[in-house]
Amino acid sequence: MKLCVIGLGYIGLPTSAMFANAGLEVVGVDKKQAIVDALNNGQVLIEEKGLAEFIKNVVASGHLRATTQIEPADAFIIAVPTPIKPDKGSDMRFVKSATEDVATVLKKGDLVVLESTSPVGTVDSLMLPILESTGLKAGRDFALGHSPERVIPGNILYELVNNHRVAGGIDEESADRIAALYKSFVKGEIYKTNARTAELCKLSENTFRDVNIAFANELAKICEAENINVWELIEICNKHPRVNIHQPGPGVGGHCIAVDPWFIVEKEPKLAQIIDLSRHTNDSMPGYTAGRIRGILEGNGIEGRAKVAVLGITYKPNVDDMRESPVIELIEILKGEGYEVAAADPFVGDREGLPSFEDAVTGADLVVLGVNHAQYKELDFEALGKLVKHRLFFDTRNFISREAAEKAGFRYYLLGKKD
Ligand code: SAJ
């Protein structure tokens, strides 16, 4: 069986390799020549645990190659980006053009699967008419549906195989064929349903997390007002067998959780009220965190153009992905308020031309932990104390040992607990 995977990004690339590893003939299609060339040389341009080695072996096996031009195949998987526009509307350009590409080679008996996270109705209202413009009829001549990826960056290879999966078809046969395709490497259960349910299923999973984090962030604000430590509060609440409150922080980033809820709001603006409010709550956190920073500096008598050192700028710990990172927004807000900001990050520092850790913290009036990268767990506060101007530390993730900081003479501040 020949499979064409369109889009060789964080999802399309490892997915292609999984199918190739399972013995299918896989052709990866990407418009970017550099990605295609790298893959054909057995290399990857993205950082993901275990991916480079896996790709090298799979390409060497001869089952996976890449090209910039779509080719006829038995099955097509579309794994292209579905970003949001500045007005929070979905930008479906890439799904549209990938579907148009598939239409140029579509033939009787083929299967077309959308993997990209998409608004409800994308399969039946956007893709189906384009594919049927070939004269072929969906259901009768070709199978069509949605099987969204649900893997977490940082653990993609494990989750691709072991997570449960949803196979949503425009009809039962389409769902059966999608399930059979993924069964070639998926060890989790594959749940068959219709395409619209599969679309909302993916959006609901990420929205559940966004709403839960918004609740945690709201609790953080309430706890600061009520002189309670939100982290202790959540830890104790979560001992209840039916409670699972997520963690507060300086905001929600990434290309999924900070984006997908808007796809529901866009389609059902009057109905999606909690979802909309949660997005706004999470988006308020960089500004709220900046307010805490201002308060800490002023509370310590530091006025004017203070230097703030920020540790970690990626959207979450231990990845090199900066998309929608709330820490970057926090930095922009601080700069806009006239502060001198120096940021360091062990994952993207070199690539982004950031100063070293030492340069960033030297002369700082306040050090802020932005991202809980593993490297920061055992910070040497004695050494840090010698470099900074004022021994002030603000932990936005409840990650650093207050005891270690205070032992070295630092004043330790925590988001979600007002000192
Ligand atoms: N965050 C919090 N508090 C928490 C958890 C996360 O503030 O308790 C923040 C993180 O710091 C980060 C953001 O949320 O900025 C998102 O991180 P994440 O680890 O929750 O999720 P993603 O975006 O890396 O991956 C999510 C996953 N979805 C779910 O867990 C429901 C993943 O399974 C999806 O495949 C992925 O989105 C996607 O591609 O849609």
Side-chain angles (χ1 to χ4, degrees), residues 7 9-15 46-49 79-84 90 114-119 146-166 188 198-221 230-231 234-235 237-238 243-264 278-279 281-286 288-289 312-330 347 369-373 396-399 415-416:
Y10 279 94
I11 301 304
L13 185 56
T15 303
I46 51 178
E47 187 73 37
E48 174 62 36
K49 192 175 66 193
V80 295
T82 47
I84 43 167
S90 56
L114 174 69
E115 270 219 27
S116 315
T117 306
S118 300
H146 182 46
S147 184
E149 61 78 17
R150 295 146 116 186
V151 292
I152 196 104
N155 201 21
I156 289 180
L157 291 184
Y158 175 87
E159 290 206 350
L160 264 180
V161 174
N162 293 286
N163 283 7
H164 301 318
R165 209 165 173 117
V166 52
E199 286 162 343
L200 190 56
C201 187
K202 168 64 198 245
L203 299 180
S204 301
E205 290 160 8
N206 280 352
T207 301
F208 162 78
R209 208 157 156 79
D210 198 48
V211 171
N212 196 325
I213 297 167
F215 176 57
N217 282 330
E218 190 163 290
L219 283 177
K221 294 176 183 174
V230 75
W231 307 91
I234 290 175
E235 195 184 334
C237 288
N238 285 351
V243 174
N244 173 23
I245 306 172
H246 290 3
Q247 304 291 292
V252 169
H255 47 295
C256 306
I257 294 191
V259 171
D260 299 355
W262 291 123
F263 292 176
I264 302 180
S278 298
R279 271 288 68 243
T281 301
N282 288 335
D283 279 352
S284 76
M285 291 313 289
Y288 185 81
T289 307
I313 64 164
T314 56
Y315 90 88
K316 67 174 190 174
N318 310 319
V319 297
D320 73 340
D321 192 335
M322 294 161 52
R323 283 176 289 180
E324 318 286 333
S325 170
V327 182
I328 292 175
E329 199 186 331
L330 168 66
F347 287 86
L369 182 81
V371 183
N372 39 337
H373 290 314
T396 68
R397 306 280 183 175
N398 192 33
F399 189 62
L415 187 76

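Note that the coordinates shown come from a computational prediction; the quantities given were computed from them, not determined experimentally. Order of listing sets the numbers, starting from 1, for every ligand and every atom in it.
The side-chain heavy atoms of Val259 and Arg279, taken from C-beta on, include no pair separated by under 4.5 Å.
Between Gln247 atom CD and Asn372 atom CG the span is 9.0 Å, to the nearest 0.5 Å.
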Output, in order, the C-alpha distance, side-chain angles, deciding distance and verdict of side chain to side chain contact (heavy atoms under 4.5 Å, CB included) for Phe263 and Ile84. CA-CA 8 Å; Phe263 292 176; Ile84 43 167; 3.5 Å; yes

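Taking a heavy-atom cut-off of under 4.0 Å, ligand 1 is surrounded by Glu149, Arg150, Val151, Ile152, Pro153, Lys202, Glu205, Asn206, Arg209, Ile213, His246, Gln247, Gly251, Val252, Gly253, Cys256, Ile257, Asp260, Tyr315, Lys316, Arg397.
A donor and an acceptor atom, one from each side chain of Ser284 and Lys221, are located under 3.5 Å apart.
Aromatic ring orientation, His373 versus Phe347: tilted (interplanar angle from 30° to 60°).
For the side chain to side chain donor-acceptor pair (under 3.5 Å) test, no residue two or more places apart in sequence or in another chain qualifies with Thr82.
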